[in-house]
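Here the structure is laid out as structure tokens; the discussion comes afterwards.
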There are 2 protein chains.
Amino acid sequence: MTQSSPLSARDRILQTASRLFYREGLRATGIDRIIAESGVAKMSFYRSFASKNDLIAEFLRQRHAAWMQRFRTGVEAGLAIPGAGLEVMADVLEAWFREPDFRGCAFINTLVESGPGDGEEVAIARAHKAELETYVAEVAERLGMLEPASVAAMAMLIIEGAIVRAQMTGDPVVGGLCRILLAQLKAAEASSPP
Amino acid sequence: MTQSSPLSARDRILQTASRLFYREGLRATGIDRIIAESGVAKMSFYRSFASKNDLIAEFLRQRHAAWMQRFRTGVEAGLAIPGAGLEVMADVLEAWFREPDFRGCAFINTLVESGPGDGEEVAIARAHKAELETYVAEVAERLGMLEPASVAAMAMLIIEGAIVRAQMTGDPVVGGLCRILLAQLKAAEASSPP
DNA sequence: AAAGATAGAGACAGGTCTGTATCATTTCAA
DNA sequence: TTGAAATGATACAGACCTGTCTCTATCTTT
């Protein structure tokens, strides 16, 4: 196989597509630009991916894996500190919000861009959020919270709200608000038995 | 002026565009479809609007006014009940979530669809959220809350989170979660003096 | 070193989109 | 009733998009 760059053509395409799809959007990013910035011929692209939708799906799967791993790693590190609760998630999020190229959640953005049609992309986006909620519930249970499922549903609302507010305002202080709200979930549960 | 329909051509265009822009998205909705469903000629369209972007801006301004009025009316009605707090906002939102053609917040969707370019549409979207936050702060102050600005910032996070969760899951039960979280803002402030 | 596979570059077809121009018809006003 | 303006329908130009095809150069393998 021809290997002019350290990465394979497929990986270069995926890397370029990840950057452009997230920064500019799915529809706004054309194949021509992806192959130009990847230094790849069009036919080489279509030998690696059946269609643009295929590339989008692969981008989302890869981003899901990377995002979840980063989130899990950050949260587990925070939970190692005694007394830590769900609010450590806000710190992980805030670090993300502070990145200069932060532009919201790729999966929310995909849902919005895809419209009412329920394509594969939307399914991947929903699956991402479902897996995140499952993880949050698992952490809530590990923390000994009484109703992990309810807590996770509320935490998801807070997390998504923080992401969208960070995207809308561009102000990372949203992370602090998110932290307060997640901490309140603990306090509220302690004071209201089911 | 030619008046075959009860509404003027401009109003018919705006009505059709509002429906399609919200349901299908801004980019996914073409001028051809708007004029076809409005029963209007292309030149008549371009006599009323300078460009598609002009129509989008007008759609957003109109939707902003209508949405704010509806929200204000619902909240004020809820606040008339003694003892009511910010959580009445969740009831207004839940009624919205239950509409069959609910597809999230048009202004969040606009922000996502517009990408990194800061066009007029993005400015209108941000202005909408700013005005909403101002109103929430005003209500918080009226309710005698200690820090209306902080409360409004947190309420905005919760509100946006509820909207996105309702859009993502399609489950109106999100309204109930939103209600609990907004009510907690009151309880939390009462127990934590600045 | 020679032959075959693979790569990049670019032309091309077919589709969609925005915005303009044309033309016959209808509506309003004098 | 007659002339002027507005409307509907449609064709058109220019741009962009996806996906296919061709040609040449380079790399791999034998």
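Computed from heavy atoms alone, side chains included, the values below leave out hydrogens, waters and symmetry copies. These numbers come from a predicted model, not from an experiment.
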In whole angstroms, the gap separating C1' of C:dT18 from CZ of A:R27 amounts to 15 Å

Less than 4.5 Å apart, any side-chain heavy atom of A:E138 and any of A:P148?
no

ring-ring contact (aromatic ring centres under 6.0 Å, His included) pairs touching residues 137-163 of chain A, sequence neighbours excluded, are none

Does B:R72 make a cation-pi contact with B:Y135, if we ask for NZ or CZ under 6.0 Å from the ring centre and within 45° of the axis?
yes

**Prompt:** Is the NZ or CZ atom of A:R63 positioned over A:Y22's six-membered ring, under 6.0 angstrom from the centre and within 45° of the axis?
**Reply:** yes

When rounded to whole Å, the CD1 to P distance for the pair A:I35 and C:dA9 reads 9 Å

B:I56 atom CD1 is separated from C:dC17 atom C1', nearest whole Å, by 13 Å

**Prompt:** Which of parallel (below 30°), tilted (30 to 60°) and perpendicular (above 60°) describes A:F59 and A:F21?
**Reply:** tilted

Against the side chain of B:R47, the closest entry in C:dA9, D:dT7, C:dA7 is D:dT7

Looking at B:E76 and B:R142, is there a salt bridge between them, counting it only when a charged N and a carboxylate O are closer than 4.0 Å? yes

N/O-N/O pairs, protein side and nucleotides 19-22 of chain D side, under 3.5 Å:
unit_1, atom_1, unit_2, atom_2, d
D:dG19, OP2, A:Y46, OH, 3.0
D:dG19, OP2, A:K52, N, 3.0
D:dG19, O5', A:Y46, OH, 3.4
D:dG19, N7, A:K42, NZ, 3.0
D:dG19, O6, A:K42, NZ, 2.7

Just the table, please: protein N/O against nucleotides 13-15 of chain C N/O, every pair under 3.5 Å.
none

Rounded to whole Å, CZ of B:R12 lies from P of D:dA6 at a distance of 16 Å

A:L20 CG to D:dC17 C1', in whole Å, measures 15 Å

Between CD1 of A:I34 and P of D:dC16 the distance, given in whole Å, is 17 Å

Can you see whether A:T110 engages A:E121 through a side-chain donor-acceptor pair at a distance of less than 3.5 angstrom? no

Correct closest heavy-atom pair for A:A155 and A:L86 would be CB-CD1, 4.5 Å

